[in-house]
Amino acid sequence: MTNDRGTLVVISGFSGAGKGTVSRKLVEEYGYSLSISATTRKPREGEQDGVDYFFKTEHEFLSLVDYNGYIEYAQYVGNYYGTPRKFVEDCLKEGRVVILEIEVQGAMNIRQQYPDAILLFITAPSASVLKNRLVGRGTEEPAVIAKRMCRAVEEAESISVYDYIVNNEEGRIEECVEQIHSIIESESCRVSRRAEFIAELKAGLAEGAD
Ligand code: 5GP
């Protein structure tokens with residue numbers, strides 16, 4: 001899937017909304033590129049360096065900040081998270097759709113730098129479903145779950161800045177994935193994103209194509 005300049009798709013959502021699974025499915029099913037973030041958070045069981053995240057010490061992370069190595073970075077519940085610059089810029093040059101799964105501060109930062117990025121917010125149907133998912137996945141201590149729920153209250157204040165809100169209902173993840181794919185497809189048909197194509201078309205017409 002390509003267009004003139006490439007498309008940045010930001011996927012945010014409350015912890016436990018299922019955005020990680022949704023993003024992976026978008027890559028598997030539709031061939032989008034997924035940016036792998038760097039973080040100072042410790043790996044969870046089963047997470048692999050270079051696959052789920054680039055796991056870094058605080059010193060390593062901040063050294064790359066000094067070299068302008070991230071297009072954005074933020075702190076979330078006591079850890080740093082950042083989007084490595086090179087991968088994203090390469091994808092955009094190739095005209096690809098690249099997904100960033102990042103929290104709201106990062107999303108606001110991306111909006112400033114890339115005004116035509118598509119900002120999507122994924123949510124569960126209710127606060128209680130969210131909490132049950134976070135408790136159910138069993139990867140976080142109760143104190144961390146409480147902090148993530150508090151963070152969700154703050155994040156909810158930023159939803160209005162996003163372009164789309166998509167519900168990830170229990171057992172209906174495919175619908176959520178398809179819905180996001182349709183949004184990306186529709187956005188790729190925007191005249192403002194197809195300037196080069198339109199210019200070529202006009203040039204061909206002016207030359208009097210057979
Ligand atoms: P988790 O610890 O659950 O993997 O991620 C915590 C939060 O950090 C999630 O909301 C996730 O989307 C966000 N996040 C992951 N990578 C990045 C990044 O590169 N930049 C920003 N700003 N947030 C990120």
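Since this is a predicted model, take the numbers as computed values, not measurements. Whatever order the structure lists ligands and atoms in, that order sets their numbers, starting from 1.
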task = Mark yes or no for whether R85, through its side chain, and N68, through its backbone, hold a donor-acceptor pair below 3.5 Å.
result = yes
request  = Would you mind running through ligand 1 and noting each atom that sits below 4.0 Å from a heavy atom of G106?
outcome  = 22 (N)
request  = May I ask you to identify the nearest protein heavy atom to atom 22 (N) of ligand 1, giving residue, atom name and distance to one decimal place in Å?
outcome  = E103 OE2, 2.7 Å
query = N/O to N/O below 3.5 Å, does that happen between G82 and ligand 1?
reply = yes
request  = Mark up the atoms of ligand 1 that fall under 4.0 Å of a heavy atom belonging to S37, in ascending order.
outcome  = 16 (N), 17 (C), 18 (C), 19 (O)
key: Trace of the salt bridge (charged side-chain N to carboxylate O under 4.0 Å, His left out) decision for E187 with R190   = CA-CA 5 Å; E187 286 279 339; R190 266 189 199 279; 2.9 Å; yes
Geometric N/O contact R44 with ligand 1, under 3.5 angstrom = yes
request  = Go through ligand 1 atom by atom and flag the ones less than 4.0 Å from a non-hydrogen atom of A74.
outcome  = 22 (N)
ask   = With side chains defined as the heavy atoms from C-beta onward, is the minimum distance between T39 and F55 less than 4.5 Å?
value = yes
query = Under 4.0 Å from ligand 1, counting heavy atoms only, is it the side chain of Y76, its backbone, both or neither?
reply = side chain
remark   = Among non-hydrogen protein atoms, atom 20 (N) of ligand 1 lies closest to E72 OE2, 2.7 Å
task = Report the nearest protein non-hydrogen atom to atom 3 (O) of ligand 1: residue, atom name, distance rounded to 0.1 Å.
result = R148 NH1, 2.8 Å
key: Donor-acceptor pair between Y30 and E185 side chains, under 3.5 angstrom   = no
inquiry  = Whether the side chain of K19 engages the backbone of G13 through a donor-acceptor N/O pair (distance < 3.5 Å, no angle test) should be reported.
reply    = yes
Going by atom type alone, with no hydrogens or angles, which donor-acceptor pairs under 3.5 Å involve a side-chain atom of residues 123-136 and a protein atom two or more places apart or on another chain?
| from | atom 1 | to | atom 2 | distance (Å) |
| --- | --- | --- | --- | --- |
| S126 | OG | S128 | OG | 3.3 |
| S126 | OG | V129 | N | 3.2 |
| N132 | ND2 | S128 | O | 3.4 |
| R133 | NE | E170 | OE1 | 3.2 |
| R133 | NH1 | G16 | O | 3.3 |
| R133 | NH1 | A17 | O | 3.2 |
| R133 | NH2 | N168 | O | 2.8 |
| R133 | NH2 | E170 | OE1 | 3.2 |

inquiry  = Closer than 4.0 Å to some heavy atom of R41 - which atoms of ligand 1 meet that?
reply    = 1 (P), 2 (O), 4 (O)
D52 with R41: basic N within carboxylate O range, under 4.0 Å = no
query = Among all protein non-hydrogen atoms, which one is nearest to atom 4 (O) of ligand 1, and what is the separation to 0.1 Å?
reply = Y53 OH, 2.5 Å
task = Using the test ring-ring contact (aromatic ring centres under 6.0 Å, His included), find all partners of F14 that sit at least two apart in sequence or belong to another chain.
result = F121
